[in-house]
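The structure appears below as structure tokens.
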Amino acid sequence: MAAKYREFQQLNLPSIEAEILEKWNREQAFEKSVSLREGAAPFVFYEGPPSANGMPGIHHVISRALKDLVCRYKTMQGFQVKRKGGWDTHGLPIELGVEKELGITKEDIGKKITVEEYNQKCREAVLRFKDKWDNLTQKMGYWVDLNDPYITFDNSYIETLWWCLQRLYKKGLLYKSVSIQPYSPAAGTGLSSHELNQPGTYKDVKDTSAVAMFKAVRNAESAFLYNAAEKAEGAGAEVYFMAWTTTPWTLPSNLGLTVGANIDYVLVRTFNPYTHLPVNVVLAKALLHKYFKPEHENGDFAAYDPAGKALPWSILAEFKGKALEHLRYEQLLPYPANTAEKSGGDPFRLLIDNFVTTEDGTGIVHTAPAFGADDYKVGKKYGIGILTLVDREGKFVDGLGEFSGRYVKNYKDQPDYVDVNVDISVKLKKENRAFKVEKYEHSYPHCWRTDKPVLYYPLDAWFIKTTAIKDRMVELNKTINWKPKATGEGRFGNWLENMVDWNLSRSRFWGTPLPIWRTEDGSEEKCIGSIAELNAEIRKANEVLGGDINHHYLHDGILDLHKPYVDEVVLVSESGKPMRREPDLIDVWFDSGAMPYAQWGLDQEKLERGEDRPFKAPFGQNFPADFIAEGVDQTRGWFYTLHALGALLYDNVAYKTVVSNGLVLDRNGNKMSKRLGNVVDPFSTIEKFGADATRWYLITNASPWDSLKFDLEGIKEVQRKFFGTLYNTYQFFALYANVDGFAFREAPIPVQERPEIDQWILSSLQSLVKEVTAAFDDYEPTTAGRLIDEFVDEQLSNWYVRLCRRRFWKGEYSTDKISAYQTLYTCLETIARLAAPVTPFFSDWLFGNLNSVTGKHALESVHHVLYPKADESLIDKGLEERMQLAQDASSLVLSLRKKVNIKVRQPLQRILIPVLDPAMKTQIDKVEDLILSEVNVKEIQYLTDADGFIKKKIRPNFQALGKRVGSKMKAVSAAIGNFNQADISQLEKEGSYSLEIDSEPLILQIHEVEITSEDIPGWMVSSKGALTVALDVTVSPELEQEGNARELVNRIQKIRKDNGYELTDRILVRLGQAGPLEASFRQFAPYIKAEVLADELEVVDSLQDGMAIEVNDQPVTVWVDRSPQSQ
RNA sequence: AGAUCCGUAGCUCAGCCUGGUUAGAGCACUACACUGAUAAUGUAGGGGUCAGCAGUUCAAAUCUGCUCGGGUCUACCA
């Protein structure tokens, strides 16, 4: 007996998935999908490594679904797609997790716990949830190689990172410099931005703020200020720049004043409120109100009363910030420690930068390069040098007179602490150098461990000189295909434009150590690029410095490149001095950015030959990536570091296409967080609804890059609508194909010999294949999914299957029936393949169910076969168009029936369709039978112009006409609106029509208007677009009788079903007490018998044991039993 | 604070790039129909100042600017 298509009680996605998963594992389906394509063109994919020290969330499902579907699609397109998995294992979250677990802080490391033990803990914690991740990977159907992942803490991985760093070092792109970082003097350590973002670090505090006055140096550049000041009679001679600060302790370190180029500034004549001396001050015009009262403008300067509140002022000049650039001023608080020479630059000048605002202060920013990132940046730009007059404990250095040795904030909890900021302010007041001193409340960051205020402090750090190749990176970025485009041009593009050098240094314990050894004075250094090199250097050091040094490493090979071991290694410089390792670790983002190289590790032979790319195979075929995908939050993370390293190391892009997916929010649009308790557990979601439904929902609901409001209701809908429909269609097919034993053994019937409707669905299917392929090729899976969704629902299930149902269950196993089976089979199998990238389980299941019976494909998994290719020869747009007409016409008729309340079972005589052009009639003609049977009407009559029934409507074709007439459009439109029926026919007959618009002639062409039929006088019509349909709603006695017969058939079918008869059972029917219905039943007896499979239909006068039913509100008694032949 | 994305029906989204006059789907809701796919399906209906304002244009959901609201990233700064 032939194999049967599997039939099911109901759709159960999770159980299908379990079954398919088991099959994949058994058959090594993933491995096979790669090995089958051996020798084929590679499609290179990079897996962004997740960190397995936290639980995976639903947002991981979307990015992985995205990655998976692209890889599966490309595999089906014939490419070989290797997918090496990876784990990100270093970094602060892991350290923090370990500290929390052990109940320790950073200070305890090296005291309560050794670095060795600490790092061992980190190593253990790193893959804590690896099982969960692997489990999710499996369950969601993400095909990635988990057997041989790259792990960033592996020696071979770190070794490759070292090699990369050394390459940068050799190119002169690695340098040590200071950078301004958050620093906690109380804790004696720098803080990362992550630490600064701990809750509660920003606190509202009241600080002493001061507006200091910097005296302008009089010279040629500043002449315009002094001249303006002197013009005003009786004004003081001196000009001051006003600058505000909330940290007066930074004033001794001041080296510049920064203004905004386009900000309006004014020179104001007034008095110093403390010394009452006449002064001229410069500040932003927009901030005048903060210091001066409008009513005192142009007040009486001569009558100024120092004791009174009234401070007269007047504007002497107004100018843009640009005019102030390069002006010089006298140092505010000169001391031996802060002379211009000690600054190392050319300080005390006015600078321009765009960070200046007029929100607060004076619009002139006091700039102390050591204590602010902006200050440092602008200071560097202008070369004003740098002064760090506060030491690491937070106190002033020597050489600052009365302030030396004082803490700038109360870091030591001194009970008698006197605020040095107040003292500085008082000094300024006395020296006529302060305009306003007051307490100011603002939000300021505090160290999350000591609760003391942070200060921004220059710390040594190693940098990669990314700015050196900024232009090249921008250029390379333009060749990358970004999805969405805006992220690449906007967010990423801007980021590149504003790039700063990459600060690599991290003062941590668990991470990749910087492979640089230096002599104590920093005059000699070495950057190590491999383990072999390190060993050689160790041996050398042992020889030069003596055998005791590095005694742990006398053997070959270092067991662990992490701290503390590498820190114990002492190397020797060229001149024979000992060198120690720079204590920093590197930014974990370097780890992941270097994964294209480090995932393979170094090839020792290539290394020895000094090759440019000494990485193990298959690096050669795996760089750059064709495709990567991660969340948008990686734009400045992984996307950036990959790009930077690709450009820095090999002047190449690291990836050709990048898809950045948006966030997953909860159903109300809030970010998911543990705190809010609105996180969606991916495991239970998949378990309950299935991975495919989840994937389909995630992909089709919104473009991957839009943020997605995750709602379980949406998954349910997808389950019901898409999967339910597709499953039903399959189930329908299987049911009848099994009855008829269809196994696609017959030769395919040439498509042009199949019925019109088969040709149509196949044409639509090929169009679908074309569009879906285009969408996937363009990395638009949402479009692809929606197209498939629509086809399955609207075309296949709702039209093709519905209209063709009878073909499957009626009659013999004829050519027509075989055609129907072949057509539906092709549709189902093609859909399985089209959707396979998104719905890997269901597609494989569907494909398997079909293929196991027909054996049409030698390969048993849908993921091993090729993606469908559109057969253009089967696409018939005319056919698709007329089927659309049929659907529209049917819909219109049903809508008319609805309006007059005549049910579809009641046959009607005719519909009228006005046709304005012969082509339309030809089109409808071909689908006439479909329309008639669908709406249960006997005939279609076409009304043409000649009949004179049609009333036409004319409308301008704005698109065509607008281009030509432009601004006359309104007048033309009005003129057309006034057309009568005669005008319209004239235009139709002659193809053009002369108008007069604004007393100018205008020839209207026929293609510049749209003519539709509006009405058929005396009929009820309905229309959609150019199609208008009228329905004859007269129910003649004949039609009524037929309607009764149909109604009876419906009742008997119900009885059959209620009685539980088999589809093929034949029955006997008796009808009694039929009254007025009797005539109907007698007349249509043959029809009724055929429909309900009755061997006998008797209409009797009286029936005793029948069932009382109603047919069109008329009572009748009916008796049904199985025919003896069926029993 | 800056950059960027988003704002269309009660909800989820198309349409916007390339302007064209009645703004579409699905879900939900209401009514009806179908009943040999049946815990399925269909049809119809109500439901919109296309966030707001201004501009460009004969014509704006669509292009431009601004404002408001939401998300994200980067900052946190005198």
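If you take CG of A:L1002 and C1' of B:C58, they are 13 Å apart, rounded to a whole angstrom. To the nearest angstrom, C1' of B:G36 lies 12 Å from CD1 of A:I1067. Distance, A:L896 CG to B:U43 C1': 12 Å, rounded to whole Å. A:D888 places its CG atom 15 Å from the C1' atom of B:G42, with the value rounded to the nearest Å. Between the P atom of B:C58 and the CG atom of A:L961 lies a distance of 15 Å, rounded to the nearest Å. A straight line from NZ of A:K377 to C1' of B:G2 spans 11 Å, rounded to a whole angstrom. When the P atom of B:C13 is taken as reference, atom CZ of A:F722 falls 19 Å away, rounded to whole Å. Rounded to whole Å, the distance from OH on A:Y376 to P on B:A75 is 17 Å.
Across all strands shown, B:G2 forms a Watson-Crick or G-U wobble pair with B:C73, both key distances being under 3.5 Å. With a cut-off of 3.5 Å on both Watson-Crick or G-U wobble distances, the partner of B:U30 is given as B:A44. In a base pair of the Watson-Crick type (N1 to N3 plus N6-O4 or O6-N4) or a G-U wobble (N1-O2 and O6-N3), with each distance short of 3.5 Å, B:U18 is matched with no nucleotide. Pairing for B:C13 is with B:G24, a Watson-Crick or G-U wobble pair whose two hydrogen-bonding atom distances lie under 3.5 Å. Within the shown strands, B:G52 is the pairing partner of B:C66 under the Watson-Crick or G-U definition, both distances less than 3.5 Å. If you check B:A39 for Watson-Crick or wobble pairing at under 3.5 angstrom, you find it has no partner at all.
Between the side chain of A:K968 and the backbone N or O of A:G962 there is no donor-acceptor pair closer than 3.5 Å. Formation of a donor-acceptor pair under 3.5 Å by the A:N421 side chain with backbone atoms of A:V408 is found in this model.
For the P atoms, the distance linking B:G24 with B:A33 amounts to 28 Å, nearest Å. On the C1' atoms, B:G48 is 15 Å away from B:C13, given to the nearest whole Å. Annotation: B:U49 and B:C32 have their P atoms spaced 29 Å apart (nearest Å). For B:C63 and B:G15, the C1' atoms lie 16 Å apart once the distance is rounded to whole Å. Here, B:A14 and B:C66 have their P atoms 25 Å apart, quoted to the whole Å. When the P atom is used for both B:A39 and B:A44, the distance is 25 Å, rounded to whole Å. If you take atom C1' in B:G7 and the same atom in B:G42, they sit 34 Å apart, rounded to whole Å. On the P atoms, B:G65 is 10 Å away from B:U4, given to the nearest whole Å.
Using a 3.5 Å distance cut-off with no hydrogens or angles, the side chains of A:N738 and A:E7 do pair a donor with an acceptor. A donor and an acceptor atom, one from each side chain of A:W696 and A:N701, are nowhere located under 3.5 Å apart. No side-chain donor-acceptor contact under 3.5 Å links A:Y727 and A:N12. Residues A:S209 and A:T246 have side chains that never bring a donor and an acceptor to within less than 3.5 angstrom of each other.
Between A:S967 and A:S797, it is A:S797 whose nearest contact on RNA chain B lies nearer the 5' terminus. Along RNA chain B, the nucleotide nearest to A:H366 and the one nearest to A:K721 differ in position, and the one closer to the 5' end is contacted by A:K721.
The only option from A:W589, A:W482, A:F492 that meets the ring-ring contact (aromatic ring centres under 6.0 Å, His included) definition with A:F639 turns out to be A:W482.
Nucleic acid contact for A:Q731: none, since no nucleic acid atom lies under 4.0 Å from a heavy atom of the residue. A:K968 comes within 4.0 angstrom of nothing in the nucleic acid, heavy atoms only. Counting any heavy atom pair closer than 4.0 Å across all strands shown, A:Y736 reaches sugar-phosphate atoms only and no base atom. As judged by a 4.0 angstrom heavy-atom cut-off over every strand, A:G361 is placed among residues making no nucleic acid contact. A:R806 comes within contact range of no nucleotide atom at all, as no heavy-atom separation falls under 4.0 Å. Within the 4.0 angstrom heavy-atom criterion, base atoms lie near A:R1056. A:V972 comes within 4.0 angstrom of no nucleic acid atom, judged by non-hydrogen atoms across all strands. Among the protein residues, A:L1093 comes within range of the nucleic acid bases, having at least one heavy atom under 4.0 Å from a base atom. Within 4.0 Å of A:N728, counting heavy atoms only, lies at least one base atom of the nucleic acid. Within 4.0 Å (heavy atoms only), A:N798 reaches sugar-phosphate atoms of the nucleic acid but no base atom.
Comparing atom distances between the A:R802 side chain and each of B:A37, B:U43, B:G36 picks out B:A37 as nearest. Closest to the A:D793 side chain, of the nucleotides B:G42, B:A37, B:C58, is B:G42. With B:G26, B:C77, B:A37 as the candidates, the nucleotide lying closest to the side chain of A:V801 is B:A37. Counting only heavy atoms from C-beta on, A:T729 has its side chain closest to B:A37 among B:G26, B:A28, B:A37. Nearest nucleotide to the side chain of A:K970, out of B:A59, B:C27, B:C77: B:A59. For A:M969, the listed nucleotide lying nearest its side chain is B:G20; candidates were B:U41, B:G26, B:G20.
For the OP1/OP2 pair of B:A33 and a distance below 4.0 Å, the side-chain nitrogens and oxygens of A:R1046 include no atom meeting the criterion. For B:U12, the OP1/OP2 oxygens have no side-chain nitrogen or oxygen of A:N701 closer than 4.0 Å. Listed pair A:S891 / B:A44 meets the phosphate criterion, a side-chain N or O lying under 4.0 Å from OP1 or OP2. The side chain of A:R805 places an N or O atom within less than 4.0 Å of a non-bridging phosphate oxygen (OP1 or OP2) of B:A37.
Below the 3.5 angstrom threshold, one finds no donor paired with an acceptor across the side chain of A:T725 and the base of B:A40.
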- Item | CA sep, side-chain torsions, deciding dist, call: A:L13, A:F689, side chain to side chain contact (heavy atoms under 4.5 Å, CB included) | CA-CA 7 Å; A:L13 283 174; A:F689 302 101; over 6 Å; no
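For A:Y265 against A:T362, the heavy-atom pair with the smallest separation is CE2-O, 4.4 Å.
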